[in-house]
A.B. asks: 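Pasting a structure below so you can have a look.
Naming convention: chains lettered A, B, ... in sequence-line order (proteins, then strands); numbering from 1 in each chain.
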There are 2 protein chains.
Amino acid sequence: MSEATYFILTALLDGPLHGYGIILRTGEQSAGRVRIAVATLYRTLDRLEEGGLVVADREEIVEGRTRRYYRITDDGIGALRAEAARLQQAVELVTRRIAVTGA
Amino acid sequence: MSEATYFILTALLDGPLHGYGIILRTGEQSAGRVRIAVATLYRTLDRLEEGGLVVADREEIVEGRTRRYYRITDDGIGALRAEAARLQQAVELVTRRIAVTGA
DNA sequence: GACGCATATATCCACTGTGGAGATATAGTC
DNA sequence: GACTATATCTCCACAGTGGATATATGCGTC
C-alpha cells in the first residue's frame with residue numbers, strides 16, 4: 001500500500017470526506033509533512049473504489065461546487081489495520097537496533 | 001523512502017552485507033513477508049551509493065563467486081532513523097482511532 | 001475589470017520505481 | 001542432464017506519482 005493510499009484511508013477514519021477535504025485533512029494530520037497531489041488523489045480514490053476499500057457516499061453542492069464524499073468500508077478499515085501492523089513491524093525492526101527520536 | 005530502500009538499509013544495520021545476502025536477510029527479518037526483487041535490489045543499491053547512504057565496503061570471492069559488500073553510512077543511519085520516526089507517526093495516526101493487532 | 005487565491009473536480013504526460021524474465025557463472029543435489 | 005542455490009547485472013513492460021493544465025465559483029485586492 002502506497003503512502004497516498006494509506007493517508008487517504010486514514011483521513012476517512014473520522015467520517016466521510018470529499019477529495020479536496022482529504023487533501024486538507026492529510027495536511028493537518030501530518031503537520032504539513034504529507035501532501036497528496038490532486039492527480040494522485042483522484043486516481044487513487046478511483047482505484048480504492050474499484051477495490052471496494054471506499055465507496056462514494058453522496059454528493060453535495062456547496063457554493064456552486066460539487067463535493068463528492070467518500071466513505072471507508074469495512075474492507076478498507078481491515079486493509080488499513082493490516083498495513084498499520086506491517087508498518088509497526090518495520091519500525092520495530094529499526095528501533096530494536098538504533099534509537100529513533102519520537103518512537 | 002520506498003519499502004525496498006527501507007529494508008535494504010535495515011538489513012545493513014547489523015553489519016556489511018552483499019546484495020544477495022540483503023535479499024536473504026530481508027526475508028528473515030520480515031518472516032518472509034517482504035521480498036526484494038533482484039532488479040530492484042541492485043538498482044536501489046546504486047541509487048543509495050550515489051546518495052551516500054551506503055558505500056561499497058569490499059569484495060570477496062567465495063566459491064568462485066564475487067560478493068560485493070555494502071556498508072550503511074552515518075547519513076544512511078540518519079535517513080533510516082528519520083523514516084522510522086515518520087512511519088511511527090503514520091502508524092499512530094491509525095492506532096489512535098482503531099485497534100491494530102500486534103501494534 | 002483584471003488578477004490571484006481558495007475551493008473542487010478531472011485529465012495529460014513525463015518521470016521514476018518495481019519486478020518478471022533472461023543472461024552469465026559456479027557448485028551441489030536428484 | 002536438470003534443477004536449485006548462490007551471486008551479479010540488465011532489459012523492458014507496467015504502475016504510481018505529481019507538475020501542469022483545464023474548468024468553474026466566490027472572495028478579496030489592485
A.B. asks: Please report, rounded to the nearest Å, how far the P atom of dT9(C) is from the CD atom of E60(A).
C.D. replies: 11 Å
A.B. asks: Which protein N or O atoms sit under 3.5 Å from an N or O of nucleotides 24-29 of chain C?
C.D. replies:
| residue | atom | partner | partner atom | Å |
| --- | --- | --- | --- | --- |
| dT26(C) | O2 | R65(B) | NH1 | 2.0 |

A.B. asks: Taking the hydrophobic residues Ile, Leu, Val, Met, Phe, Trp and Tyr, and joining any pair whose side-chain heavy atoms are under 4.5 Å apart, which ones share a cluster with Y69(B)?
C.D. replies: none
A.B. asks: Please give, in whole Å, the distance from dT18(C) P to L45(B) CG?
C.D. replies: 12 Å
A.B. asks: Mind jotting down which residue pairs meet the salt bridge (charged side-chain N to carboxylate O under 4.0 Å, His left out) criterion with at least one end in residues 61-81 of chain B? Sequence neighbours excluded, please.
C.D. replies: D57(B)-R71(B), E59(B)-R68(B), E63(B)-R65(B)
A.B. asks: List in chain and number order the residues that pass salt bridge (Lys or Arg N to Asp or Glu O under 4.0 Å) with R43(B), two or more places apart in sequence or in another chain; answer none if no residue qualifies.
C.D. replies: none
A.B. asks: So, is S2(B) near the phosphate of dT18(C), with a side-chain N or O under 4.0 Å from OP1 or OP2?
C.D. replies: yes
A.B. asks: Nearest whole angstrom, please: distance from the C1' of dG17(C) to the CD of E3(A).
C.D. replies: 15 Å
A.B. asks: Rounding to an integer number of Å, can you tell me how far L48(B) CG sits from dT16(C) P?
C.D. replies: 16 Å
A.B. asks: Any side-chain to backbone donor/acceptor pair from T26(B) onto I22(B)? Under 3.5 Å, distance only.
C.D. replies: yes
A.B. asks: Could you pull out all residues at least two apart from E28(A) that satisfy side chain to side chain donor-acceptor pair (under 3.5 Å)?
C.D. replies: none
A.B. asks: For R33(B), enumerate each residue passing the salt bridge (Lys or Arg N to Asp or Glu O under 4.0 Å) test, keeping only those at least two apart in sequence or located in another chain.
C.D. replies: none
A.B. asks: Which residues pass the side chain to side chain donor-acceptor pair (under 3.5 Å) test with R35(B), not counting sequence neighbours?
C.D. replies: none
A.B. asks: For nucleotides 10-12 of chain C, list the nitrogen or oxygen atoms of the protein found under 3.5 Å from its nitrogen or oxygen atoms, one pair per line.
C.D. replies:
| residue | atom | partner | partner atom | Å |
| --- | --- | --- | --- | --- |
| dA10(C) | OP1 | R68(A) | NH1 | 3.2 |
| dA10(C) | OP1 | R68(A) | NH2 | 2.4 |
| dA10(C) | OP2 | R68(A) | NH1 | 2.9 |

A.B. asks: Mind calculating the distance between CD (E49(B)) and P (dT8(D)) to the nearest angstrom?
C.D. replies: 13 Å
A.B. asks: When you check the phosphate oxygens OP1 and OP2 of dA24(D), does a side-chain N or O of R67(A) lie under 4.0 Å from one of them?
C.D. replies: no
A.B. asks: How long is the line joining CD1 of I36(A) and C1' of dT9(C), in whole Å?
C.D. replies: 15 Å
A.B. asks: Expressed in angstrom and rounded to an integer, what is the separation of R47(B) atom CZ from dC15(C) atom P?
C.D. replies: 16 Å
A.B. asks: Just jot down the side chain to side chain donor-acceptor pair (under 3.5 Å) partners of R25(B), sequence neighbours excluded, or say none.
C.D. replies: none
A.B. asks: Under 4.5 Å side-chain heavy-atom separation, chaining through any Ile, Leu, Val, Met, Phe, Trp or Tyr, what else clusters with L24(B)? Say none if it is isolated.
C.D. replies: Y20(B)
A.B. asks: Is Y6(A) reaching over with its side chain to a backbone N or O of A90(B), donor-acceptor style, under 3.5 angstrom?
C.D. replies: yes
A.B. asks: Heavy atom of residues 5-26 of chain A under 4.0 Å from DNA chain C: which residues?
C.D. replies: H18(A), G19(A), Y20(A)
A.B. asks: In chain order, what residues pass the salt bridge (Lys or Arg N to Asp or Glu O under 4.0 Å) check against E49(A), with sequence neighbours excluded?
C.D. replies: none
A.B. asks: Round to the nearest Å and state the distance from Y69(B) atom OH to dT8(D) atom C1'.
C.D. replies: 14 Å
